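Please read the structure below before turning to the comments.
Keep in mind that the numbers below use all heavy atoms, side chains included, and drop hydrogens, waters and symmetry copies. This chain uses plain numbering: 1 for the first residue, then up along the sequence. Just so it is clear, the model here is predicted, and its values are computed rather than measured.
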Amino acid sequence: VGGFNTAFTFKNIRLSGLFDFQKGGVVHSTSLQWSKYSGMHPETVSFNGEEDIRANGLVLPGVKVDADGNVLGENDISIDPQSFYQGTFGFAAPNVYSASFIKLRELRLGYTLPNSLLGSNSTIRDINVSLFGRNLALLYSDLPYLDPQSVTASGNDQGLENAQVPSTRSFGINLSFKL
């Protein structure tokens, strides 16, 4: 787990960015498990190149074998997707994902007024106005549709996602000065 900050300054303008990352860990998503069970997950609509498995059936990757175990070729047998996903609902493995991520945590654009504009008798100096955004983008993650960082918080339930609320972005203006 870590992060890094970078900043660029040109004259009185400063642009900075903060990135967070995590390498490793796993997440089990109950939300994605339920979405497959109920037919709401995109995988329950199209899979393995087939665009409408609800109408045309689900063809799983694999091979066909005869009773003696001889391989007859690639699988081309279509099954009912609803039955498949409801039948595999209790299996955890299809809903376990890597908890690794890279996130754009903060972006800030600021301008510092020149002290010469304030006059020589001013007790206020280094006035800075900046716009910022926090929790702006999940740049990389294996966990689809969800934020793996909010799942791997502290406590006894690390790595278990269940009805996660979407991550919140925030935007603001900051005014700072020195006396």
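- When ring centroids are compared, Tyr37 and Tyr85 stay outside the 6.0 Å threshold.
- In this structure the side chain of Pro144 reaches within 4.5 angstrom of the side chain of Leu32, judged on heavy atoms.
- Between Ser176 and Val129, the closest side-chain pair of non-hydrogen atoms is not below 4.5 Å.
- A continuous path of ILVMFWY side-chain contacts below 4.5 Å connects Leu117 to Ile127, so both sit in one hydrophobic cluster.
- A 4.5 Å side-chain heavy-atom check between Phe19 and Thr6 finds at least one atom pair inside the cut-off.
- Listed by first and then second residue, the salt bridge (charged side-chain N to carboxylate O under 4.0 Å, His left out) pairs involving residues 17-27 are Asp20-Arg105 (not counting sequence neighbours).
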Working for side chain to side chain contact (heavy atoms under 4.5 Å, CB included), residues Arg108 and Arg14: CA-CA 8 Å; Arg108 183 177 294 265; Arg14 180 178 173 93; over 6 Å; no
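- Sorted by first and then second residue, the pairs that involve residues 74-101 and meet salt bridge (charged side-chain N to carboxylate O under 4.0 Å, His left out), not counting sequence neighbours, are Lys64-Asp76.
- Hydrophobic cluster membership is shared by Phe171 and Leu131, with clusters built from Ile, Leu, Val, Met, Phe, Trp and Tyr side chains linked at under 4.5 angstrom.
- Pairing each heavy atom of Ser78 with each of Gly57, the nearest pair is OG-CA, 3.0 Å.
- Within the 4.5 Å cutoff, the side chain of Val59 has heavy atoms near those of the Asn75 side chain.
- Residue Gly17 comes nearest to Leu107 through the heavy atom pair CA-CD1, 4.1 Å, listed as atom of the first residue, atom of the second, then distance.
- The shortest distance between side-chain heavy atoms of Phe177 and Asn128 does not fall below 4.5 Å.
- Among all heavy-atom pairs drawn from Leu138 and Ser141, the shortest one is CD2-CB, 3.7 Å.
- In this structure, the side chains of Gln149 and Gln22 stay at 4.5 Å or more apart for every pair of heavy atoms.
- Distance CG/Leu58 to OG/Ser83: 10.5 Å, rounded to 0.5 Å.
- Applying the salt bridge (charged side-chain N to carboxylate O under 4.0 Å, His left out) test to pairs two or more places apart or on separate chains, those with a residue in residues 117-144 are Glu106-Arg134, Asp126-Lys178.
- Residue Ile173 places its CD1 atom among 12 or fewer non-hydrogen atoms of other residues, nucleotides or ligands, all under 6.0 Å distant.
- Remark: the backbone N or O of Val27 is not paired with any side-chain donor or acceptor of Glu161 at under 3.5 angstrom.
- Looking only at distances, no side-chain donor or acceptor of Asn12 sits under 3.5 Å from a matching main-chain atom of Leu113.
- The OG atom of Ser98 sits 5.5 Å away from atom OH of Tyr140, with the distance rounded to the nearest 0.5 Å.
- A donor-acceptor pair is defined here as one N or O able to donate and one able to accept, closer than 3.5 Å; no such pair exists between the side chain of Asp68 and the backbone of Asn70.
- Between Tyr145 and Pro42, the closest side-chain pair of non-hydrogen atoms falls below 4.5 Å.
- Annotation for Phe8: atom CZ does not count as buried by contact number, only 12 or fewer foreign heavy atoms lying within 6.0 Å.
- To the nearest 0.5 Å, the span separating CG on Leu109 from CG on Leu15 amounts to 6.0 Å.
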Step-by-step side chain to side chain contact (heavy atoms under 4.5 Å, CB included) determination, Leu179 to Ile124: CA-CA 5 Å; Leu179 294 175; Ile124 297 175; 3.9 Å; yes
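- Atoms CG and CG, from Leu104 and Leu18 in turn, are 8.0 Å apart once rounded to the nearest 0.5 Å.
- Panel note: side chain Ser100, backbone Gly24; a donor-acceptor pair is recorded below 3.5 Å.
- Between Phe21 and Phe4, the two ring planes are tilted [angle within 30° to 60°].
- Atom CG of Leu60 and atom OG1 of Thr88 lie 9.0 Å apart (nearest 0.5 Å).
- Inter-residue side-chain proximity for Asn95 and Lys36 is flagged as met; some heavy-atom pair is nearer than 4.5 Å.
- Heavy-atom neighbours of Tyr111 OH from other residues, nucleotides or ligands within 6.0 Å: above the threshold of 12.
- One distance of note links CZ of Arg169 with CG of Asn135; it measures 7.0 Å at 0.5 Å rounding.
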